[in-house]
Amino acid sequence: MSAELKRRKAVQEDVVAQYERMIEIREFEEQINGLFASGSIRGTTHLCLGQEALAVGLASVLRPTDIVSATYRGHGIALALGLSPEAVLGEIMGKTIGCCGGVGGSMHLSNMELGLLPTSAIIGGGMPVAAGAALSFQVRKTDDVAVAVFGDGATNIGAFHETLNLASIWNLPVVFICDNNVYGEYSRINLTTPLEDLHMRADSYKMPHFSLDGMEIAAVQKGITEAVNRARSGGGPTLIEAKTYRFAGHSRADQALYRPEGELEKWQKRDPIKLTEQSLVASGALNAEKIAKIKSDMKVTIEKVVATCQASPEPSLASMFQNIFTPAKAGR
Amino acid sequence: MGTTTPMRFRQAIVNALADEMRADSTVMLFGEDVAEAEGPFKTSEGLLTEFGPLRIRDTPISEMGFTGAAVGAAIMGMKPVVEIMFMEFLGVALDQLVTEAAKMRYLSNGMLSVPMVVRASVGSGLGFGCQHSQTLENWVAATPGLKVVCPSDAQAAYSLMRASIQDPDPVMILEPRILYAERGDVDTSLALPIGKARVLRKGSDITVVALGQMVNVARNAIEKSGLDVELIDLATVVPWDRETVLASVKKTGRLVVVEEAPKSGGWGSEIVAAATSELFSQLKGAPFRITTPDVPVPYSGVLEARFVPTADDVARQLTESLKSGTTPKSWWELEGLK
Ligand SMILES: Cc1ncc(C[n+]2csc(CCOP(=O)(O)OP(=O)(O)O)c2C)c(N)n1
Ligand SMILES: [Mg+2]
């Protein structure tokens with residue numbers, strides 16, 4: 001079994017491993033923030049701070065043969081599904097150790113062994129693709145499912161509506177997860193969308209839908225499991241709205257000054273990491289000492305990852321010419 | 001000539017929008033985060049404050065919807081300006097521009113005009129990866145009924161923006177993103193008509209035609225080469241200025257086009273084809289193009305810096321072509337890459 005699949009297996013089986021993965025994502029994103037702020041990485045990046053429970057909850061209930069399409073805000077989902085921090089950070093740094101060899105970047109992470117399609121930086125771009133993956137499962141009669149993760153803002157793009165309608169009439173084994181983190185770029189959802197309970201939009205497509213508490217990993221797991229089971233057993237698509245909150249700005253340059261006073265603080269009281277700690281302490285799986293150790297160990301681990309990626313070579317000029325077309329098969 | 005004011009490229013856009021809005025109450029602007037946030041690239045700074053929410057509007061992430069709304073508003077007598085943050089996002093709205101807007105006049109037997117402007121940021125060099133770095137004039141350039149312009153400095157940004165808004169037909173403006181922060185002197189009384197190229201430097205050895213961010217690259221290359229090159233900023237891709245370009249090529253006998261687009265399907269092929277077929281007997285050497293390779297824009301900073309034509313590489317090709325009289329190899333051919 002590959003190291004990546006082992007990482008995936010860990011979060012599928014063990015609640016402490018799930019917590020550790022959430023800490024990994026948190027620490028990773030904090031490091032990225034610092035690296036961009038100090039100018040060591042160019043371009044832009046979209047952090048998922050505050051959205052760790054959704055990423056890890058999702059990875060913990062899917063099989064590696066299931067397919068996930070996600071977005072530019074994809075570091076957390078990639079790590080949760082099992083990509084190594086080196087593969088993700090290396091890609092963000094544009095180094096050969098990255099999952100795309102450094103030609104993709106922060107917004108484009110993938111690993112097909114783990115079912116992660118290349119994340120799309122076009123709003124709605126991954127949704128029809130996920131439906132198509134589900135179509136292949138339906139035609140080939142496997143019981144795998146496809147999952148599309150996208151933002152609240154993406155529910156205003158045509159691809160969202162076209163894909164929900166198509167998935168519904170074709171009864172596709174696909175789960176749509178709207179990560180409602182309240183903002184699309186610098187606009188609060190209420191300024192661009194006439195309703196805040198976005199899962200209601202599935203009504204027009206006669207598709208089952210519900211919202212869940214995206215800050216609480218158990219709620220994420222329960223909700224996604226329900227939808228995935230429906231899809232696996234031929235019951236068709238579901239629209240899930242995960243209520244989350246984007247703790248950081250939209251992207252590197254954004255200070256998020258447009259947020260109403262106190263809103264961030266209110267959501268931080270329900271920080272998914274805090275909530276997971278509370279529940280694991282209550283069940284006896286963790287205590288304050290173990291938590292402190294997990295956090296300090298993770299700091300060291302991620303610092304090592306940074307050093308490894310910094311030492312990784314720059315891609316060769318030849319690498320920009322690769323993987324544009326499929327090479328002709330021998331003999332043809 | 002009036003007096004000039006120094007300003008950044010993005011401020012020139014703001015000023016052009018503001019001046020048009022002051023002059024004409026039918027001009028309006030909409031797009032994602034253009035109002036409250038004053039534009040993701042700060043190209044609408046102060047506009048909401050001055051012109052109010054009726055004319056300066058934030059939109060949902062619905063490019064097809066709001067681009068199409070511009071078509072309808074324009075038909076009814078408004079002059080909408082639409083901002084597409086990165087030109088790639090026009091992909092989901094292309095129908096409204098190339099198949100609806102650009103066909104309205106034709107299909108209404110000349111009854112309708114569509115005085116709308118679509119602005120989009122374009123280009124590589126900022127580490128945004130292959131879905132946010134293309135130039136894409138080739139998406140729109142083969143659309144009769146649609147004009148396509150691309151400013152290369154603050155003056156052109158100001159003057160072409162005003163000309164585009166005043167134009168009675170749909171105009172697509174490509175704004176090289178890497179230039180937004182660049183400063184230049186702007187004479188607000190200077191008009192640059194759509195369809196008119198700018199001769200930025202007189203010369204007799206070679207005619208170099210460039211567009212957008214490649215104009216700076218070409219200028220630097222000319223300096224490095226020490227050659228007596230005539231530099232033309234094409235400024236308008238459709239309808240391009242045959243008269244200015246061909247007159248220059250007639251004079252120098254040589255033509256080199258510097259493009260940011262991939263080798264295949266670039267606008268420069270059109271220029272080279274026209275010069276070759278119309279001035280064949282007067283040419284002293286084969287016209288050629290310096291482009292990016294036929295690959296998606298790579299993310300890595302090291303690769304992205306090589307991907308796009310550099311001043312050094314353009315200077316090498318200009319010098320070589322004059323010396324040898326043959327068409328120089330591209331950097332990737334020299335590296336043995338394909
Ligand atoms: C078609 C398209 N339009 C606009 C953008 C620019 N853009 C990138 S992210 C974003 C906001 C998306 O908000 P949401 O869907 O809520 O996702 P979040 O960023 O909050 O995760 C926008 C407008 C884009 N990438 N693609
Ligand atoms: Mg959002």
Side-chain angles (χ1 to χ4, degrees), chain A residues 41-45 72 91-96 98 100-108 118-125 151-161 184-189 191-194 250-251 253-254 257-258 313-325, chain B residues 31-42 53 57-68 85-86 88-93 95-96 124-133 262 292-308 331-332 334-338:
Chain A
I41 313 184
R42 61 202 276 281
T44 190
T45 199
Y72 51 89
E91 194 53 45
I92 297 170
M93 288 185 168
K95 298 297 193 78
T96 49
C100 199
V103 303
S106 171
M107 301 199 277
H108 306 294
T119 55
S120 175
I122 302 299
I123 300 299
D152 42 282
T155 67
N156 290 324
I157 199 115
F160 169 86
H161 297 275
E185 239 182 50
Y186 319 133
S187 294
R188 206 175 182 288
I189 181 72
L191 299 174
T192 55
T193 311
H250 166 67
S251 62
D254 177 25
L257 300 174
Y258 42 78
E314 304 284 353
S316 68
L317 288 178
S319 60
M320 78 170 93
F321 292 82
Q322 289 163 4
N323 301 320
I324 296 169
F325 293 110
Chain B
E32 289 153 23
D33 289 314
V34 302
E36 290 283 350
E38 306 191 315
F41 303 111
K42 292 276 173 268
R57 291 175 179 241
D58 283 327
T59 65
I61 309 171
S62 309
E63 281 83 359
M64 176 166 42
F66 68 75
T67 304
M85 203 183 306
F86 286 73
E88 281 84 351
F89 311 162
L90 186 64
V92 300
D95 165 59
Q96 291 297 326
S124 64
L126 294 171
F128 286 151
C130 66
Q131 293 187 341
H132 281 67
S133 300
T292 54
D294 281 330
V295 306
V297 183
Y299 169 75
S300 138
V302 176
L303 298 192
E304 195 178 16
R306 275 310 289 280
F307 160 85
V308 79
W331 69 260
W332 60 93
L334 291 179
E335 298 274 352
L337 297 167
K338 211 159 68 117

Region of B:E36 that comes under 4.5 Å of a non-hydrogen atom in chain A: neither
Heavy-atom distance under 4.5 Å to chain B: side chain of A:I324, backbone, both or neither? side chain
Closest-packed option against chain A by number of heavy-atom pairs under 4.5 Å, given B:D33, B:L303, B:L337: B:D33
Heavy-atom distance under 4.5 Å between the side chains of A:L191 and B:D58, does that happen here? no
Could you report the tightest heavy-atom contact between A:G43 and B:F128, atom names first, then the distance? C-CE2, 4.0 Å
Under 4.5 Å from a heavy atom of chain B, the part of A:E185 involved: both
Region of A:M320 that comes under 4.5 Å of a non-hydrogen atom in chain B: both
Greatest number of non-hydrogen atom pairs under 4.5 angstrom with chain A, of B:E63, B:H132, B:M64, falls to B:H132
Measure A:I122 against the heavy atoms of chain B and call it side chain, backbone, both or neither at under 4.5 Å. both
Any side-chain heavy-atom pair from A:H108 and B:Q131 closer than 4.5 angstrom? yes
By a 4.5 Å heavy-atom criterion (distance strictly below it), what part of A:T45 contacts chain B: side chain, backbone, both, or neither? neither
Note: A:F321 and B:K338 closest approach over all heavy atoms is CD2-C, 3.3 Å
Heavy-atom proximity to chain B below 4.5 Å, by part of A:I41: side chain
Which pair of non-hydrogen atoms, one from A:R42 and one from B:L126, has the smallest distance, and what is that distance? NH2-C, 3.8 Å
B:Y299 side chain to A:I92 backbone, donor-acceptor under 3.5 Å: yes
With rounding to the nearest 0.5 Å, note down the distance linking CD in B:E32 to CD1 in A:I123. 8.0 Å
Tell me, for B:F307 versus chain A, whether the close heavy atoms (under 4.5 Å) come from the side chain, the backbone, both or neither. both
B:F89 side, atom CZ; A:I157 side, atom CD1 - distance, nearest 0.5 Å: 9.0 Å
Please state whether the side chain, the backbone, both or neither of A:S187 comes within less than 4.5 Å of a heavy atom of chain B. both
Part of B:I61 within contact of chain A (heavy atom distance under 4.5 Å): both
